[in-house]
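This report refers to the structure that appears directly beneath it.
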Amino acid sequence: MSYELNAGGKQLAEVIEKVTWSGDSKQVARTLVFTVANKDSDRFLPKVNINEGDQVQFLEDGKLLFSGPVFDIEKSGSGNMVTYTAFDLMFYVTKSDINRVFDNEAPEAITRWICSHLGIPFGAAAATGIPIYMPWLGKKAYDGIMAAYTAASRKNGKKYIPLIKNATQLYVIEKGALCGVVLDGSYNLTEANYKTSLQNMVDRVLITDKDGNQIGVVEDTAAQQKYGVVQTVYKQEDGKDAQTEAKALLKTLEQTGSVTGCQGDSRAVSGYALIVQETTTGLFGKFYIESDTHTFTDGKHEMALTLAFSNMMDEKEIENQSRG
């Protein structure tokens with residue numbers, strides 16, 4: 001297995017100490033952090049001059065895993081290392097605002113327009129065919145994509161996530177597809193942890209009209225009998241189905257897990273799912289990758305993953321849905 005890192009048009013294999021490639025299903029912009037030896041006293045060590053904005057490319061066995069510019073450079077007077085941080089194209093989508101009213105347009109068309117408007121190469125967006133009315137004035141482009149797909153998700157039950165595929169183009173995919181990776185406690189799984197929590201539990205939702213008068217209730221009676229009652233209030237909104245919105249607020253036992261693999265696999269990234277077989281903790285079956293950290297050092301590739309038991313989506317809301 002071989003790795004290659006190019007920055008500012010230079011090959012840095014001789015001076016790279018460590019590379020960390022990571023992502024999160026709620027932050028979506030993938031990050032590449034790498035450290036470079038910077039020993040002025042060593043005249044045999046190649047000198048590196050990397051600046052903010054320089055393009056970085058990281059390849060594994062010839063496959064491009066990451067491409068994006070350097071945003072942060074960190075140096076210390078006492079240390080002999082310089083740390084560089086680069087982000088992929090999703091950074092521009094998460095940081096940029098857009099200003100448009102989308103009227104009767106499907107999320108896939110909205111995503112295509114946003115990419116075109118921001119100059120982001122567009123690959124494909126999961127087809128929904130669900131028309132959306134979305135006034136998105138002075139708001140983040142990423143939130144707009146997710147708000148449109150959240151509205152579609154409430155109707156078709158599917159989950160979605162935008163990401164940069166092949167390090168070069170924006171795609172929106174159905175979240176939770178198996179990536180093909182299997183972690184097994186007998187050979188490539190070094191650590192596994194499992195946690196359950198009731199801290200965010202809500203098992204009763206009171207539905208009120210705009211004046212605060214209760215007009216309905218949605219509840220999970222089985223959870224109430226087992227765990228007690230924690231309730232919240234949902235105020236009816238124009239253009240939204242109150243029952244559907246209230247049901248979306250119900251939460252009971254949350255289960256999370258984390259795993260560390262001694263044999264990293266670049267297919268195991270946020271937005272996808274994998275198979276875990278570890279009987280001691282009970283992590284056995286299909287799990288959804290919520291965040292991933294891949295570390296490359298001394299010719300080794302290790303990974304640490306945060307897992308979810310259910311397929312969760314970074315939901316965003318469309319406000320002021322009524323046409324003026």
Roughly how far, to the nearest 0.5 Å, is the [atom2] atom of [Y] from the [atom1] atom of [X]?
X	Y	atom1	atom2	answer
Leu5	Leu12	CG	CG	5.5 Å
Ile50	Asn6	CD1	CG	10.0 Å
Phe284	Gln277	CZ	CD	4.5 Å
Ile289	Leu274	CD1	CG	4.5 Å
Ile132	Met134	CD1	CE	8.5 Å

If we ignore hydrogens and angles and just use 3.5 Å, is the side chain of [X] paired with the main-chain N or O of [Y] as donor and acceptor?
X	Y	result
Asp24	Val28	no
Asn188	Gly261	no
Ser116	Arg112	no
Asp292	Ser270	yes

### Task
Step through it carefully: locate the ring centre of Phe102, locate the ring centre of Tyr133, and say whether they are under 6.0 Å apart.
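That pair fails the under 6.0 Å test.
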
For residues 306-314, dump all side-chain donor-acceptor pairs below 3.5 Å to protein atoms at least two apart in sequence or in another chain.
from	atom 1	to	atom 2	distance (Å)
Thr306	OG1	Ser291	OG	3.0
Asn311	OD1	Lys175	NZ	3.3
Asn311	ND2	Lys175	O	2.7
Asp314	OD2	Tyr142	OH	2.5

### Query
Can you tell which of Thr20, Val269, Leu65 makes a side-chain contact (heavy atoms from CB on, under 4.5 Å) with His294?
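Result for side-chain contact (heavy atoms from CB on, under 4.5 Å) with His294: Val269.
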
### Task
Would you check, one step at a time, whether the test side chain to side chain donor-acceptor pair (under 3.5 Å) holds for Thr128 with Glu108?
CA-CA 7 Å; Thr128 67; Glu108 51 269 34; 2.8 Å; yes

NZ/NE/NH1/NH2 to OD/OE distance under 4.0 Å, [X] and [Y]:
X	Y	answer
Lys300	Asp298	no
Glu315	Arg154	yes
Lys240	Glu317	yes
Lys251	Asp203	no

Expected list for residues 51-63: side-chain donor-acceptor pairs under 3.5 angstrom, two or more places apart:
from	atom 1	to	atom 2	distance (Å)
Asp54	OD2	Asn51	N	2.8
Glu60	OE1	Ser266	OG	3.1
Glu60	OE2	His301	ND1	3.2
Asp61	OD1	Ser2	N	2.7
Asp61	OD1	Ser2	OG	3.4

Side chains of [X] and [Y]: do they bring a donor and an acceptor to under 3.5 Å?
X	Y	value
Glu174	Tyr160	no
Asn213	Thr208	no
Asn200	Glu254	yes
Glu290	Ser25	yes

Quick check: do [X] and [Y] have side-chain heavy atoms less than 4.5 Å from each other?
X	Y	value
Ile16	Val36	yes
Phe91	Thr31	no
Thr83	Ile73	no
Met90	Val93	yes
Ile173	Ile161	yes
Leu163	Leu170	no
Lys159	Ser153	yes
Thr196	Tyr194	yes

### Task
Take Val19 and Thr297 through the side chain to side chain contact (heavy atoms under 4.5 Å, CB included) test and state the conclusion after the steps.
CA-CA 7 Å; Val19 177; Thr297 182; over 6 Å; no

### Query
Passes side chain to side chain contact (heavy atoms under 4.5 Å, CB included), Ile207 versus Val217? Steps please.
CA-CA 5 Å; Ile207 304 173; Val217 62; over 6 Å; no

If hydrophobic clusters are built by linking Ile, Leu, Val, Met, Phe, Trp and Tyr wherever their side-chain heavy atoms come under 4.5 Å apart, do [X] and [Y] end up in the same one?
X	Y	answer
Val233	Val205	no
Tyr288	Tyr149	no
Phe71	Ile120	yes
Phe66	Met303	no

Can you establish whether the number of heavy atoms outside [X] located under 6.0 Å from its atom [atom1] is more than 12?
X	atom1	result
Lys26	NZ	yes
Lys18	NZ	no
Gln214	CD	yes
Gln169	CD	yes
Lys316	NZ	yes

#### Entry: Which atom of Pro131 lies closest to which atom of Asn104, heavy atoms considered
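Between these two residues, the closest heavy atoms are CB-OD1, 2.9 Å.
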
### Task
Please lay out, stage by stage, how Glu105 and Arg100 fare under the test side chain to side chain contact (heavy atoms under 4.5 Å, CB included).
CA-CA 12 Å; Glu105 296 184 56; Arg100 182 180 167 183; 2.8 Å; yes

### Task
Step by step, work out the side chain to side chain contact (heavy atoms under 4.5 Å, CB included) result for Asp184 and Leu189.
CA-CA 5 Å; Asp184 192 306; Leu189 180 60; 5.8 Å; no

### Task
Establish, yes or no, whether the cationic atom of Arg30 lies under 6.0 Å from the six-membered ring centre of Trp21 and within 45° of the ring axis.
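Satisfied, under 6.0 Å and within 45°.
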
### Query
Which residue pairs pass the side chain to side chain donor-acceptor pair (under 3.5 Å) test with at least one member in residues 85-98, sequence neighbours excluded?
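Matches after skipping sequence neighbours: Asp97-Lys140.
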
